[in-house]
Amino acid sequence: MSTPFVNQHLSVSRLKLLERCALAFYFQYVSPGERESRGGAPEFGTILHAALERTYQWIVGKEFSGPFPTDELIRAYQEAWQEGKLTGVHTFQEGLHLLRSYARSHPVVNHWDILAIEQEFNINLGGYTVNGFIDRVDRLGPRSIAIVDYKSNRLLFTREELEGDLQMSMYGIVARRLYPWAERISFVFHMLRHDTHQGTERTAQELDDAAGYVIALGTQSETQDREWLPTLNPLCGYCDHRRRCPAYAQALAGKHEVTAVENWEDWEEIARKRETYAALAKLMYRRKDELDAVIRAKIEQDGEFEAAGSRYRYISGGTSVTYQEEEVVRLFAAYGIPPDQTLRGIRILDPGAVEAFREEVSKTLPRVLSEMLKASLDTMGDRVPNAQRLISSPVKKVGTAKKVAS
Ligand code: SF4
């Protein structure tokens with residue numbers, strides 16, 4: 001008989017994994033095996049996080065108050081990058097850009113407002129040891145604090161996600177014990193990719209309910225003979241255990257059932273199917289992206305190629321043009337068009353509208369002037385090349401001999 005599973009401790013990531021997919025929890029904690037690499041995205045977030053953590057440590061260590069120490073932040077980022085394994089100049093630049101934006105939106109800092117950085121916690125909840133780290137705790141007033149968490153998510157949280165977020169509820173439970181004097185606790189996610197923050201709060205009742213839920217989840221995970229069922233979800237493509245997961249393999253092989261809705265008044269069925277197909281569609285797109293990356297590498301190495309009846313190549317993504325209003329008005333004025341007529345004719349300053357107006361004006365100009373206007377417009381504006389696009393097109397069959405009637 002196998003030893004019953006017991007959680008050594010509970011953490012936010014552990015509980016969130018159980019909520020998302022029982023099989024992934026099983027592979028991660030109950031029967032750990034080889035794990036899949038998750039690629040660069042999580043490491044990028046870790047580097048940004050380390051840069052901010054080190055900068056705030058510096059602010060507290062130096063008892064610094066004043067304009068945000070951007071240089072210190074950039075230095076910390078470069079240091080964290082050097083220690084990591086990530087490569088890619090675009091990702092490196094993106095990190096610099098995100099952190100500079102963060103510094104700009106926090107023009108002034110005061111070490112006095114920072115109560116804790118990487119606050120470690122280890123509390124007992126219903127017999128479970130719950131542990132983890134809180135990115136930062138700020139003092140907002142004599143009796144209020146903010147729990148701060150840095151996120152590098154590409155998507156912002158919905159209102160429902162913020163209100164139901166287990167991480168913040170857990171931090172709230174912890175903060176009540178660590179800062180009993182705080183009458184008001186706010187929760188702030190710094191969404192680094194969006195240069196904004198999203199906030200939420202919890203009532204005392206909600207935190208009590210969340211504590212009960214955490215204990216229930218912990219107990220559920222230790223139930224003997226429980227079934228560890230897979231739940232396909234949008235994060236499957238990033239799951240560390242996807243290679244061991246039969247549901248993921250079936251989804252990739254297209255062996256999923258696509259069945260019609262049987263009862264159009266059964267909202268449970270409609271919602272369930274909708275979520276399953278949404279998760280499958282996301283998985284398929286991720287798989288296609290992986291294959292596109294392999295094809296891109298081959299084209300870079302060997303040039304365009306044909307396979308399985310398709311030809312693969314990259315085509316130019318064209319050029320984006322941005323015009324300045326003044327230069328457009330000046331150009332048309334040089335051909336006798338008054339500024340107010342130009343501004344009325346081009347309501348939105350995009351290349352399509354400017355070109356349409358040029359064609360209109362050209363009808364009234366002698367041919368030579370019309371050609372000069374076109375040539376001038378072709379060299380005007382800021383031009384930025386767009387990224388190239390991968391194209392696959394069917395290979396035309398040639399040489400099929402016509403049958404000649406005898
Ligand atoms: S790939 Fe998806 S369904 Fe499979 S274990 Fe991971 S999260 Fe669960």
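In listed order, ligands and their atoms are each counted from 1. Every value quoted in this text rests on a predicted model; they were computed, and no experiment measured them.
With respect to E43 and K85, no salt bridge is recorded, no charged nitrogen being found less than 4.0 Å from a carboxylate O.
Here is the list of ligand 1 atoms found below 4.0 Å of a heavy atom in T231: 3 (S).
Contact between W267 and W264 at its shortest, heavy atoms only, is CZ2-O, 4.3 Å. The shortest heavy-atom contact between Y335 and L331 is CD1-O, 3.2 Å.
Remark: Q8 CD is loosely packed, at most 12 non-hydrogen atoms of other residues, nucleotides or ligands lying under 6.0 Å away.
Around atom 6 (Fe) of ligand 1, the protein N, O or S atoms closer than 2.8 Å are C239 SG, listed by chain and residue number.
Considering only residues two or more places apart in sequence or on other chains, E222 meets the salt bridge (charged side-chain N to carboxylate O under 4.0 Å, His left out) condition with none of them.
Using bins of under 30°, 30° to 60° and over 60° for the plane-to-plane angle, the ring pair F68/Y102 lands in the perpendicular bin.
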